[in-house]
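The structure appears below as structure tokens.
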Amino acid sequence: MDNHNNQKSLLVSNKIDELNRVALFLDELGTSWGLHDSLAANLNLVIEEALTNIILYGYNDSDNHIIEILLTRGDGQISITIKDDGLEFDPTKMRDPDTTLSVEERPVGGLGIFLIKQIMDKVQYMREGKINYLILTKNITL
Amino acid sequence: MNTTLIMSGDYSVIIVEGRVDTTNAGEFEKEVMAVVESGSEKIILDCSGLKYISSSGLRVFLIVHKKMLAKKGCLKLCSLQPGIKEIFDISGFSSIFSIFPDKQAAEGD
């Protein structure tokens, strides 16, 4: 296995439509890395949730911004790094929703970050200068 | 994402296929709410062809559920693929929705 094939990256701009490109990218990556469909879908899901937050709430200007998504596999895990130059936001500090509430009591929304935390094994956040780094790690059995 | 409405006995069955994500959840909401607002009291969301859902899609399911409950109507889901069921389980949605293995079971209950 060459190292080159163990890393894939995609640059997207801060527009919701870019999620369609992310889906195609994950499809191709799933095939290339031989990932189970459900794992590829879950990786797509966590990336969508993170990107949606960045695109909708991360910027207070109307400029074009580039967000970098880097996937790396190795040592029984897949890690996803999402790098953006938006406002500082640490999703690991968000409170989890109460998933035991009744339909009437359940607030609409607030599930995105919770899904990321539940699906991935490790969620790390760093701010360096004006850049947010979100590093998501999933343990996999090969 | 694609939705198809079929009438089956007392039920309006909405078949949802493909992906429901942030790019099309608004459209999905509009299509399902049109059925809710047309006066259907019994709705089945047939998810056999639903391949992917994100929190934006889950949000629509919850909105429709709340709306149907307020109308004292009945909303059932059927035929969730394992990957979708996993997301429903994580979100706590499996315990607030009536989920059936297939359309026949949903209609028979």
TODO: Check the side chains of A/Ser9 and A/Glu68 for a donor-acceptor pair under 3.5 angstrom, ignoring hydrogens and angles.
DONE: no
Open item on the list: Just checking B/Phe61 against B/Phe88, ring centres under 6.0 Å apart?
Closed with: yes
TODO: Classify the side-chain pair A/Asp85/A/Tyr59 by whether it contains a donor and acceptor separated by less than 3.5 Å.
DONE: yes
- [ ] Verify salt bridge (charged side-chain N to carboxylate O under 4.0 Å, His left out) between B/Arg59 and B/Glu29, making sure each step is shown before the conclusion.
- [x] CA-CA 9 Å; B/Arg59 181 181 168 278; B/Glu29 179 175 354; 3.6 Å; yes
Task: Residue part contacting chain B, namely of A/Glu104, when any heavy atom lies under 4.5 Å - done: both
Task: Contact origin within A/Thr52 toward chain B - heavy atom pairs under 4.5 Å - done: side chain
- [ ] Give the member of A/Ile16, A/Leu45, A/Leu111 that has the highest number of heavy-atom pairs under 4.5 Å with chain B.
- [x] A/Leu45
Task: Contacting moiety of A/Leu101, where chain B heavy atoms sit under 4.5 Å - done: backbone
Open item on the list: Let's test your reading of the structure: which of B/Ser95, B/Gly92, B/Ala70 forms the most heavy-atom pairs below 4.5 Å with chain A?
Closed with: B/Gly92
Open item on the list: Using heavy-atom distances under 4.5 Å, tell me whether B/Leu69 contacts chain A through its side chain, its backbone, both, or neither.
Closed with: side chain
- [ ] Please report the C-alpha distance between A/Glu18 and A/Lys15 in whole Å, then the side-chain angles of each, then the deciding distance to 0.1 Å, and finally whether the salt bridge (charged side-chain N to carboxylate O under 4.0 Å, His left out) criterion is met.
- [x] CA-CA 6 Å; A/Glu18 291 283 74; A/Lys15 303 199 171 39; over 6 Å; no
Task: Stepwise side chain to side chain contact (heavy atoms under 4.5 Å, CB included) test for A/Gln124 and A/Met126 - done: CA-CA 7 Å; A/Gln124 295 163 281; A/Met126 283 184 309; 5.9 Å; no
TODO: Measure B/Gln81 against the heavy atoms of chain A and call it side chain, backbone, both or neither at under 4.5 Å.
DONE: neither
- [ ] Pick one of side chain, backbone, both or neither for A/Asp37, based on which atoms fall under 4.5 Å of a heavy atom in chain B.
- [x] neither
TODO: Would you give the length of the straight line joining atom CD1 of A/Ile80 to atom CD1 of A/Ile116, rounded to the nearest 0.5 angstrom?
DONE: 9.0 Å
TODO: Flag the one option from A/Asn42, A/Thr99, A/Thr100 with the top tally of heavy-atom pairs under 4.5 Å to chain B.
DONE: A/Thr99
